[in-house]
There are 4 protein chains.
Amino acid sequence: MLAGMSRRPLTTPRKHASQERSRATVDALVEATARLLVREGFDKASTNRIAQEAGVSVGSLYQYYPSKEALVAAVIDRHNGELMQVVRAALVEVASLPIEKALRRLVATAIDAHRVDPKLHRVLAEQIPRTGRLEKIATFNREYFVLFRDFLESHRGELRAVDLELATFVCVTSIEALTHTAVLHRSEMLSDERAATLVDEATRLMVRYLR
Amino acid sequence: MLAGMSRRPLTTPRKHASQERSRATVDALVEATARLLVREGFDKASTNRIAQEAGVSVGSLYQYYPSKEALVAAVIDRHNGELMQVVRAALVEVASLPIEKALRRLVATAIDAHRVDPKLHRVLAEQIPRTGRLEKIATFNREYFVLFRDFLESHRGELRAVDLELATFVCVTSIEALTHTAVLHRSEMLSDERAATLVDEATRLMVRYLR
Amino acid sequence: MLAGMSRRPLTTPRKHASQERSRATVDALVEATARLLVREGFDKASTNRIAQEAGVSVGSLYQYYPSKEALVAAVIDRHNGELMQVVRAALVEVASLPIEKALRRLVATAIDAHRVDPKLHRVLAEQIPRTGRLEKIATFNREYFVLFRDFLESHRGELRAVDLELATFVCVTSIEALTHTAVLHRSEMLSDERAATLVDEATRLMVRYLR
Amino acid sequence: MLAGMSRRPLTTPRKHASQERSRATVDALVEATARLLVREGFDKASTNRIAQEAGVSVGSLYQYYPSKEALVAAVIDRHNGELMQVVRAALVEVASLPIEKALRRLVATAIDAHRVDPKLHRVLAEQIPRTGRLEKIATFNREYFVLFRDFLESHRGELRAVDLELATFVCVTSIEALTHTAVLHRSEMLSDERAATLVDEATRLMVRYLR
DNA sequence: TATGAATGAGACTTCATTCAT
DNA sequence: TATGAATGAAGTCTCATTCAT
C-alpha cells in the first residue's frame with residue numbers, strides 16, 4: 001500500500017540470547033540504540049555507532065540483530081511494552097468507577113504514559129513509519145482499542161446510544177492526540193497549575209460526547 | 001529542543017527564479033520531488049534521481065536548491081499552502097453560520113484537505129521531523145490555530161464560559177487527529193455511506209464540548 | 001543447476017559512456033581490473049583497490065559498473081574478443097590449406113592465442129565460473145566450435161567417415177587443453193627448440209584421428 | 001609462479017587426531033565442508049556454517065584445522081585420494097592388455113572417476129587455484145603421469161617411436177580434458193547410448209596417435 | 001578439550017555535492 | 001547557465017579467527 005516499500009529489511013532478532021553474557025550484550029545494544037536515537041536521531045545512529053555506544057563490536061550487533069531496523073524495532077517493542085503496562089493497569093483500576101471519574105483517570109494516565117520517556121517517545125513516533133513496525137504499532141493501538149472498547153461496553157448504562165466501535169475510535173484518537181501533543185509540543189500546558197485544567201477539559205470532551 | 005540537531009543543512013531556495021525558464025525548472029524540481037517522495041520514499045529519492053525525474057541535470061538542481069532538504073522543504077511549503085487555502089476558504093465561508101453547522105462544515109473540510117494528496121501528505125507527515133520543517137509546520141498550525149480561535153471568538157455567544165486558547169487547542173488537535181487518522185489509517189471510514197457518520201460524530205464531539 | 005547460485009550480482013555495465021572523459025574512465029577501470037587480477041588475484045582485487053589503481057574514485061567505478069563481477073566480466077569480454085580475433089583470422093587463412101598444414105597452423109595459433117596475456121588468461125580461466133560469465137564463455141566456445149566445425153566440413157574429403165559434431169568436440173577440447181596446459185603449466189615445453197615438437201605432436205594427434 | 005601469492009594461510013591439519021572422538025570430529029568437518037562446498041559454493045561456505053553443519057563448535061574446528069583453506073585442502077586431498085584409487089586400480093588391471101583394449105578401459109575409467117562426485121569435483125576444480133592446492137594437484141597429476149608413463153613403457157612394443165614423456169603429456173592432458181568437459185559441461189554425451197561412442201572416439205584418438 | 005560469544009578489519013555500495021567543460 | 005562526470009565520506013554488513021569460560 002505504501003509506495004516503494006518493497007524489500008524492507010528484516011526486523012526480527014536473530015538469536016534469543018540464552019546465556020547470560022549474550023543477554024547482557026543484547027540489553028546493552030537496545031539500551032544504546034535508545035540512547036542514540038534520543039541523542040542523535042535515527043539517521044545519525046549508525047550500526048557502528050550503536051555498537052560502540054553499547055561497548056560491543058559491530059559483529060556482535062549483527063549476531064543478534066539482522067539490521068538497524070531490527071534494533072529500532074526492539075526499542076519500539078520495549079517502549080510499547082512499558083506504555084501498555086501503564087495503560088492496562090489504569091484500565092483495570094478504573095473498571096468499576098463511574099464514567100467521569102474513570103475517564104479523568106484515563107486521561108491523566110495517558111499523560112503519564114507519554115512522560116515515561118518523552119524524548120524517546122518522540123523519536124520513535126517519528127521513526128516508526130520507517131521501520132516496518134506499523135503492524136506492531138497497529139497491534140499496540142489495537143490492544144488499547146479493544147481494552148477501551150470493553151471499558152465503554154461495561155459502562156453502557158451511562159452512555160447515550162452510540163456505535164461503540166466509532167465512539168472508541170473518536171475517544172482513543174482524541175485522547176492520544178491531546179496528550180501526545182501536549183507532552184511533546186506544549187509542555188507549558190503540563191505545569192503543575194495548568195495540568196489539571198487540561199485534564200478537566202479532555203475529560204469534559206469525552207464525557208459530554210459519550211453521555 | 002531537539003537534541004543533536006545542530007548543523008542542519010540549508011533549507012531555503014537559492015534564487016528566486018525570476019525568469020520564466022528558471023521558474024519552469026524550479027517547478028519541475030518540486031514536482032519531481034513530490035512524485036518521487038510518494039513513489040519511493042524519502043531515502044530512495046536521491047537528488048540525482050530527482051534531477052532525472054525533473055528532466056534536469058543535478059548541477060541545475062543545486063543551482064536552485066542548496067540541498068535535498070531544501071527541496072523537500074519546498075514540497076512541504078507547497079503542500080501546506082494548498083491545505084491552508086482550503087482551510088482559510090472554509091473558515092471564511094463558515095464565519096456567519098451557527099456553530100453546529102459551522103463545525104460540521106469545518107470537519108468536512110478538514111477531511112477534504114487531507115484528501116488533497118493523501119500519499120504525499122503521509123510521506124511528508126513522516127518526513128517533516130527530519131527536515132527542520134517543524135517550525136514551518138508550527139507556522140502552519142499556528143495560522144490554523146489563530147484562525148480557529150477567531151472563529152470561536154466570533155461565536156462567543158454560543159459557547160459556554162471557556163478559556164478560548166485551551167478550547168482551540170482541544171478542538172484543533174482533535175479534529176486534526178480524527179481526520180488525519182481516518183484518512184491515512186482508516187480509509188474504510190470514509191466510504192460514501194460512512195463518511196457522514198464520522199462527520200456527525202466529530203461534530204457532536206466539538207459541539208457538546210463547546211456549548 | 002549449480003548449487004547456491006541464486007541472486008548472482010548484475011554483470012552488465014551501467015552506462016555506455018558516450019563522452020570522451022567517461023570513455024577514458026571506463027578504459028582505465030577495465031585495464032586496472034585486469035592488472036590487479038593478475039597481480040593480486042580475484043579476492044584481493046577489491047573495488048576500492050581497483051578504483052585506486054585506475055586513478056579514479058569508487059563512485060566513478062559504480063557509475064559504470066554495478067559490481068565487481070561486472071568489471072571482471074568486462075575484462076573477460078575484452079580478453080575473449082582478442083582471442084577470437086586471433087582464432088578467426090587463423091581459420092580464414094587456413095581454409096584452403098590441406099588438412100595437415102591447416103591443423104598445424106591452427107595449433108600454433110592456439111598457442112599464440114594463449115600467449116596473448118597468459119597470466120590474465122589463467123586468472124580468468126579460474127575465475128570465470130564465479131562470474132556468471134559461463135554463458136559468455138559458452139558463447140565464445142560455441143563460436144570457436146562452429147567455426148571449427150565449418151572448417152572440418154569444408155575438408156570433408158580428407159576425413160574418414162565421422163560424426164562432425166563429435167569430431168569437433170574431440171579436436172577443440174584437446175587442442176584447447178594441450179595449449180592451455182602447455183602455456184600455463186609447462187612453459188618449458190614452449191622453448192624455441194621444443195615448441196615445434198609440441199606442435200608436431202598435437203598436429204599428429206588431430207590428423208591421425210581425423211583421417 | 002603465481003604473482004602475489006605470498007603469505008598464504010596454513011593448509012595443513014593441526015593434529016593428527018589419534019583418538020577416536022577426534023577422528024569423528026575431523027571426519028565430520030571434512031564431510032560438512034564438502035557438503036557445503038557443493039550446496040553453497042566456496043564463498044558462502046563460512047567456517048561458522050561448516051562447524052554448524054558438522055555439529056561442532058567453531059572453536060573445535062580451529063582445534064583441528066588452522067584455517068578455512070586447510071579444510072578445503074583436506075576435502076581436495078580426500079577427493080583426489082578417491083580418484084587416484086580408481087585410476088590406480090584401472091592401471092593395474094589394464095597392464096597386461098593390448099594397448100587398444102587398455103586405452104578403452106582407461107578412458108572409461110576416467111569418465112567413471114569424474115562421476116564419483118561430479119558436483120564436488122566441479123567446485124573443487126574451480127576453487128583449487130585459490131587454495132594453494134596447486135602443488136597437491138600437481139602431485140596428483142604427477143602420480144597419474146608417472147603411472148601412465150609406466151603403462152606406455154610397458155607397451156613400448158606396440159608404439160611408434162616417440163618421446164614417452166611427451167606422449168604421456170599429450171595423452172593424459174587430452175583424456176583428462178575430454179572426460180572432464182564431457183562430465184561437467186556435456187552431460188548429454190554420457191547418456192547410455194552415446195557414452196560408448198565417446199569412449200570409442202577418445203580411444204581412437206589415443207591409439208592412432210600412439211601407434 | 002569444547003564451546004560459542006565476541007571481535008574488527010575490510011568488503012561492497014550509495015548518494016549528496018562539487019566542478020571542469 | 002547547464003551539464004553530468006567525478007568525488008569520497010560514510011554506511012551496512014560479513015566472516016575468519018580468537019579467547020574467556
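Being a predicted model, the structure only gives us computed values, none of them experimental. So that the names make sense, note that chain A is the first sequence line, chain B the second, and so on, each numbered from 1.
- Distance CZ (B:Arg49) to P (F:dG4): 17 Å, rounded to an integer number of Å.
- To the nearest angstrom, C1' of F:dC19 lies 15 Å from CG of D:Leu61.
- For B:Ser67, taking side-chain heavy atoms from C-beta onward, the closest of the listed nucleotides F:dT7, E:dT17, F:dA6 is E:dT17.
- The nearest whole Å value for the distance from the CD atom in D:Gln63 to the P atom in E:dG4 is 14 Å.
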**OP:** Applying side-chain contact (heavy atoms from CB on, under 4.5 Å), run through B:Val123 and B:Lys119 and close with a yes or a no.
**Re:** CA-CA 6 Å; B:Val123 181; B:Lys119 285 182 181 175; 5.7 Å; no
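- Toward the 5' end of DNA chain F, the nearer of the two residues A:Tyr62 and C:Thr25, judged by each one's closest nucleotide, is C:Thr25.
- In the set F:dT14, F:dT17, E:dA16, the nucleotide with an atom closest to the side chain of B:Asn48 is E:dA16.
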**OP:** Show your reasoning for whether side-chain contact (heavy atoms from CB on, under 4.5 Å) applies to D:Tyr65 and D:Val26.
**Re:** CA-CA 9 Å; D:Tyr65 291 94; D:Val26 164; 3.2 Å; yes
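- One N or O on the side chain of D:Lys68 and one on the backbone of D:Phe42 form a donor-acceptor pair closer than 3.5 Å.
- Contact check on D:Glu53 versus D:Arg49 returns no salt bridge, with no Lys/Arg side-chain nitrogen under 4.0 Å from an Asp/Glu carboxylate oxygen.
- Atom pair B:Lys44:NZ and E:dT13:P shows a separation of 16 Å (rounding to whole Å applied).
- The two atoms that bring A:Ala28 and A:Ala54 nearest to each other are O-CB, 3.5 Å, heavy atoms only.
- Map C:Ser46 and D:Ser57 each onto its nearest nucleotide of DNA chain E; the residue landing nearer the 5' end is D:Ser57.
- One atom, OH of D:Tyr64, and another, C1' of E:dT1, lie 7 Å apart when rounded to the nearest Å.
- The side chain of B:Val58 lies closest to F:dA5 when the candidates are F:dA5, E:dA6, E:dC12.
- In this entry the distance linking CD of D:Gln52 with P of F:dC15 reads 13 Å, nearest Å.
- Summarising the geometry, the separation between CZ on B:Phe42 and P on E:dC15 is reported as 12 Å, rounded to the nearest angstrom.
- For the pairing with B:Ile50, the side-chain contact (heavy atoms from CB on, under 4.5 Å) check across B:Val58, B:Val30, B:Leu61 returns one residue only, B:Leu61.
- Nucleic acid contact for C:Ser60: base, since at least one base atom lies under 4.0 Å from a heavy atom of the residue.
- Within the 3.5 Å criterion, the main-chain N or O of D:Gln63 finds no donor-acceptor partner in the side chain of D:Ser60.
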Subject >> Pair assignment for DNA chain E - dot-bracket with | for other-strand partners, Watson-Crick or G-U under 3.5 Å >> reply: .||||||||||||||||||||
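- Base contact: D:Thr47 has a heavy atom under 4.0 Å from a base atom.
- Between the OH atom of C:Tyr65 and the P atom of F:dA5 there is a distance of 14 Å, rounded to whole Å.
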